[in-house]
Visitor: 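Have a look at this one.
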Amino acid sequence: MKFGTKTIHAGISPDPSTGAIMTPIFQTSTYVQSAPGVHQGYEYGRTQNPTRDALQNNLAALENAKYGVCFASGLAATDTLIRTLSPGDEIVCGSDLYGGTYRLFTKGFEKYGLKFHFIDMTDASVVADYVNDNTKMIWVETPSNPMLNIIDIAAVAKIANAKGITFVVDNTFASPYIQNPIDQGADVVVHSVTKYLGGHSDTIMGAICLNDEELHTQLKFLQNAVGAVPAPMDCFLALRGIKTLHIRLQRHCENAERIARFLADHPMVSKVNWPGFESHPNHEIAKRQMRAYGGMVSFSLKVDTLEAGVKVMSATKLFSLAESLGGVESLIGHPATMTHASIPLEERIKTGVVDSLIRLSVGIEDGDDLIADLEQALAVLS
Ligand SMILES: *Cc1c(COP(=O)(O)O)cnc(C)c1O
């Protein structure tokens, strides 16, 4: 089955009791047993839910994985995955992870004896220098936020697989429409379903996709034991969102490319970060591992001040000033004062998050209108 058919059909079958083509919202906390221990595979809502099952199977199919496991948020998925580790274990991670992931690792898990190494992986060979006998996991985000750095998934997989280290890719920014890390050697894919998969800015959810049976059993145990499960209604919304994933992503990518090229030619713009440019430092890797270049673009201004950035962001009318990404509507954000405000200035500048850096989550509106909006917003600088 090809991707555009899987989004609509994979893991989903008409409801056996009514024929309803849409997976019903099984809004129930428990299931009646005909005798003690005799049931139809469903006992309690935290443990199993048919709406969640359909979504988990659908997501697994989209990532070419055997198993999907869903959680109440992307961070709940990450939390549950890290709980499979033990004190003393070490994790090698990218240096520009999603801020919430970084916070969970450092503030949530370091105190339990886990050691995280945050390193720049844009040259994948450096990963080997940080791997030792205690290394149990490698954690990568590509493209990264907000600089859209690209990490070579196959190259990191080679290092991880040789040592039997679990290799995790947070595939939120790309979505399975653009890349399938498991096909390139990753062991586990993590998603914030909140973003492109849900796609309509109306649900918070996370997911893990994987092939390994033993790790899947552990995750299913923790999903039930910890209980960070998504609500049935949210599973329904995610299933509905995913049905148009391929169509939405086509337009997200098309609009993002047009906007990246428009910005690159604009006299007020100093630099545009978009992996589709041949001048992007890891363009060749992006070309190899991605089927398209995604809907995210970031750029800095010739006048590199917080004020200039804020001025442009306050002037857009279609791009709404907000955190998050991946919804049908276009969003604009200022990493220096929003997502990256807690990072010390020197460190922030070193990673490229300069004062005027603006991040766009390009939506699926008409591209002409989006470009006109950015044009009039940038005009406030002249
Ligand atoms: C949003 C996001 C998360 C966290 O997901 P939530 O659903 O907000 O908990 C993790 N990773 C990336 C790359 C994200 O963008």
Side-chain angles (χ1 to χ4, degrees), residues 52 55 59 63 68-83 91 93-109 116 118 121 137-151 153 168-179 181 186 188-209 223 226-231 234-235 237-238 241-242 245 249 252 256 273 275 290 294-298 322-327 331-333 335 338-340 342-343 351 353 359-363:
R52 194 170 86 209
L55 176 61
L59 285 169
E63 282 294 5
V69 195
C70 286
F71 298 89
S73 69
L75 283 178
T78 298
D79 176 89
T80 305
L81 188 50
I82 298 294
R83 278 168 195 273
I91 302 96
C93 327
S95 54
D96 50 358
L97 294 186
Y98 174 73
T101 305
Y102 178 80
R103 180 178 56 199
L104 177 62
F105 287 177
T106 53
K107 301 242 162 81
F109 280 112
F116 297 88
F118 299 95
M121 295 190 188
M137 197 174 267
I138 298 176
W139 192 290
V140 161
E141 231 177 275
T142 180
S144 72
N145 176 38
M147 298 307 295
L148 303 171
N149 289 320
I150 301 295
I151 293 168
I153 296 173
V168 183
V169 176
D170 180 335
N171 203 25
T172 300
F173 261 46
S175 92
Y177 172 79
I178 287 179
Q179 71 189 11
V188 181
V189 167
V190 170
H191 275 289
S192 170
V193 178
T194 313
K195 315 292 168 53
Y196 285 109
L197 285 164
H200 295 75
S201 311
D202 54 8
T203 317
I204 298 286
M205 197 191 292
I208 300 173
C209 299
Q223 183 191 40
V226 177
V229 292
D234 287 354
C235 294
L237 285 171
I242 289 168
L245 179 68
L249 257 295
H252 280 297
N273 305 304
M290 301 169 81
M296 301 300 292
V297 177
S298 65
E323 306 219 355
S324 198
L325 62 125
L331 301 180
I332 190 164
M338 295 164 78
T339 48
H340 291 60
S342 61
I343 298 172
T351 59
V353 184
R359 188 189 86 172
L360 302 176
S361 171
V362 179

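Counting starts at 1 for both ligands and their atoms, following the listed order.
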Visitor: Could you check whether R359 and N273, counting side-chain N and O atoms only, form a donor-acceptor pair closer than 3.5 Å?
Guide: no
Visitor: Are Y196 and H191 close enough that their ring centres sit under 6.0 Å apart?
Guide: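 No; H191 has its ring centre 6.0 Å or more from that of Y196.
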Visitor: Is the Lys NZ or Arg CZ of K107 less than 6.0 Å from the centre of F116's six-membered ring, within 45° of the axis?
Guide: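 The answer is no; the distance or angle limit is not met.
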Visitor: Near ligand 1, which residues have a heavy atom under 4.0 Å away from one of its atoms?
Guide: S73, G74, L75, Y98, E141, D170, T172, F173, S192, T194, K195, M205, L325
Visitor: With a 3.5 Å cut-off and no angle check, do the side chains of D96 and N149 form a donor-acceptor pair?
Guide: yes
Visitor: Assess the pair W139 and F105: is the distance between their ring centroids shorter than 6.0 Å?
Guide: yes
Visitor: Identify the two heavy atoms, one from D170 and one from E141, that lie closest to each other, and give their separation to 0.1 Å.
Guide: CB-CG, 3.6 Å
